[in-house]
2 protein chains.
Amino acid sequence: MSYTYKYPRPALAVDCVIFGYDHRLEESDLQILLIERKLVPFKGKWALPGGFVQMNETLDAAAVRELKEETGMEKVYIEQLYTFGALDRDPRGRVLSVAYIALVNLEKHNLKAGTDAEAAEWFSLNKLPALAFDHKIIVKTAVERLRGKVRYQPVGFELLPDEFTFSELQNLYETVLERTFDKRNFRKKIESYGLLIDTGGMRRGKPNRAAKLYRFDSKRYKALEKHGFMFEL
Amino acid sequence: MSYTYKYPRPALAVDCVIFGYDHRLEESDLQILLIERKLVPFKGKWALPGGFVQMNETLDAAAVRELKEETGMEKVYIEQLYTFGALDRDPRGRVLSVAYIALVNLEKHNLKAGTDAEAAEWFSLNKLPALAFDHKIIVKTAVERLRGKVRYQPVGFELLPDEFTFSELQNLYETVLERTFDKRNFRKKIESYGLLIDTGGMRRGKPNRAAKLYRFDSKRYKALEKHGFMFEL
DNA sequence: ATTTATTTGTGTTAATTTTACACTAACTTA
DNA sequence: TAAGTTAGTGTAAAATTAACACAAATAAAT
C-alpha cells in the first residue's frame, strides 16, 4: 500500500523533550530522557523520544502517544514547543519535527524499562551525550522556554509530587533557574498568591524537623488566571 | 508528475498573522492583513495569507516567500508562532499549518495592491470579519503571544518607523496592551534602558510643539541581551 | 534519656522600584 | 500676536523587594 500526491510532502514527526526532576535527591539536577537509537541513521546515538505523526491523530495526540510508547508515562504535562524545519535535519530526506516539552516527576512517573525495544535513560541536563539529528538545538530551545515559562506560569509544580514541602519547591526553582532564593522571601512571595493548600501532612523520615506538605491549588489558579491574575517569580 | 510514499503524509502550509500599525493615525488600532479567497473552500471568505511549503525551502523561508508574494512586503520582522494540527481544520484533507507572526509599520511597508490576484486588506483587530479555516483561533493565539512578548522583548519598535517620537512609542504600547501609561513614568522607564538614540531630528508639521525623534539601538540591545539584560515594560 | 546534627519556620528594617500628579515650553494656525 | 495643542520635565508617597539570624522540631547516635 502506498500514497500518492500531486506535490511532494515532507514527512512529519514529533519529538519530546521530557524534563524529569527528583525532589528526593540532595543535589537534584534537571534530567532529560533520551533513547538509544537501534536503527540507522544515527544508530547507537542518543536521541529524543519521538516518531512519525499518524494521519488520524492530532499533533498533541501524537506526542502523548510517543511518550507512552517509549516511556510508559501517562497523564503528564505536555505542551508544544516549536516546529523545526531545516532542510537537512534528517539524512533520510525532508522530515519536519514538531517538538514538545513534557514535565514529569521522577517519583510519580517511574520509567518502564525498554517499553519500545529501545533503551531509555535519564541524563543530567549538563551531562548530555552527543545527540542525533538537530536534537541538541531542540533541547537548547526547550531549556530556554522552560526557564522563561517557569517564571511567569506555575508549571514548576508539574515537576514535583502532588504534595511537596516549601524547600522542595524552592530547590526546584533554584535548579531550573540556576540561582538561589532567600528562604523567607521565597516563602512570603509564594504564600502571597494563596495558591498552596496545607494538606495537614508532614514530610518525615529525615533526621531533622519535619516539614509541612502543601498541594498546588490548580482550580483556584485557573479561576484567577481568567481575571488577569499573573503568577510571577 | 506525482509523488508516492509508503505512509500517508499531511500537507504542510504556512499562514501569517501580519500585524500592522500606523503611528500617523490619531486613534490607531492594531491591524491584521487578510486576503479574500478566490477559490474553494471558503471562496469569498477572508483568510490569513499563506500557502503550501515547498520541498526545498525552510519554514521561515516559506513564510517570508508568502509574505512577499501576497503583499509585496520584504524585510519584515517575522517569527514562528505555533503549529496547528487539528484533523478537520481543512475540508480538503489533512493540512497542517505552521503559523507565523509578522510585524510591519504601515508607512514603511505600504501594501502593493493585488500582487497575487487576491484582494488583500487591512482590518482593525477588533473589527475582523468571519475567517476561513481555523484562522480565528490562529489570530487569537497570535494576539496573546504578541501581548505577552511585547512586554519583555523590545519588538514593539518593529511596528514603528525607524525614527519615532516618545508619544508614538507610548501610543503603540497602549494600543497593543490595551492600557494607558503615565507619560512621565513611561519616558523614565524607557530612558533607563539607554536603548534609544536621539537622532537630532524633530517630528514637525502638527500645530503644536515639535517632538524629538529617536531610533532604537538594536546593536546595543543584542549586546546587553547576551549578558542577561532584560527589557521589561 | 540526653546529646548532636540538621532542617524548618518566622519578622523587621533598609533599599529600591513604582506610582501619582501639574505646569511651562514650543510649535502651527487663525 | 493670540489661541490651541502636544512636548517635556521632577518630586514625594506607596509598594515591593532584598537583606538578614535564631529558636523549634525531628531522628540518630550515644
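Proteins come first, then strands; the chains are lettered A, B, ... in the order of their sequence lines, and each starts at number 1. For the numbers below, each heavy atom of this structure counts, side chains included, while hydrogens, waters and symmetry mates do not. Everything numeric in this text was worked out from a predicted model, so none of it was measured.
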| Got a sec, which residues hit ring pair (Phe, Tyr, Trp, His ring centres under 6.0 Å) with B:Phe216, two or more places apart in sequence or on another chain? | B:Phe157
| remark: Note: contacts of residues 203-214 of chain A with DNA chain C (heavy atom, under 4.0 Å) are A:Pro207, A:Asn208, A:Arg209, A:Ala210, A:Ala211, A:Lys212
| field | Those residues that, when tested against A:Arg187, pass side chain to side chain donor-acceptor pair (under 3.5 Å) (two or more places apart) | value | none
[atom2] on [Y] to [atom1] on [X], rounded to 0.5 Å:
X        : Y        : atom1 : atom2 : answer
B:Ile138 : B:Phe84  : CD1   : CZ    : 5.0 Å
B:Arg65  : B:Thr58  : CZ    : OG1   : 10.5 Å
B:His109 : B:Met73  : NE2   : CE    : 7.5 Å
B:Glu163 : B:Lys212 : CD    : NZ    : 13.5 Å

Side-chain donor-acceptor pair present, [X], [Y], cut-off under 3.5 Å:
X        : Y       : answer
B:Asn171 : B:His23 : no
A:Asp22  : A:Ser28 : no
B:Asp29  : B:Tyr21 : no

| query | Where along residues 170-194 of chain B does a heavy atom come under 4.0 Å from DNA chain D, residue by residue in number order? | reply | B:Lys183, B:Arg184, B:Arg187, B:Lys188
| query | Just checking A:Ser167: base, sugar-phosphate only, or nothing, at a heavy-atom cut-off of under 4.0 Å? | reply | sugar-phosphate
| message | So that I know where these two stand, are B:Tyr152 and B:Phe231 an aromatic pair - ring centroids less than 6.0 Å apart? | response | no
| task | Taking the six-membered ring for Trp and the full ring for Phe, Tyr or His, determine whether the centres of A:Phe229 and A:Tyr193 are under 6.0 Å apart. | result | yes
| message | Quick check for you: name the first and last nucleotides of DNA chain C, 5' to 3', having an atom under 4.0 Å from a heavy atom of chain A. | response | C:dA5 to C:dT12
| request: Report yes or no: is the cationic atom of A:Arg179 (NZ for Lys, CZ for Arg) closer than 6.0 Å to the six-membered ring centre of A:Phe181, at no more than 45° off its axis? | output: yes
| message | Using a 4.0 Å cut-off to any heavy atom of chain B, which nucleotides of DNA chain D are the first and last in contact, reading 5' to 3'? | response | D:dG4 to D:dT11
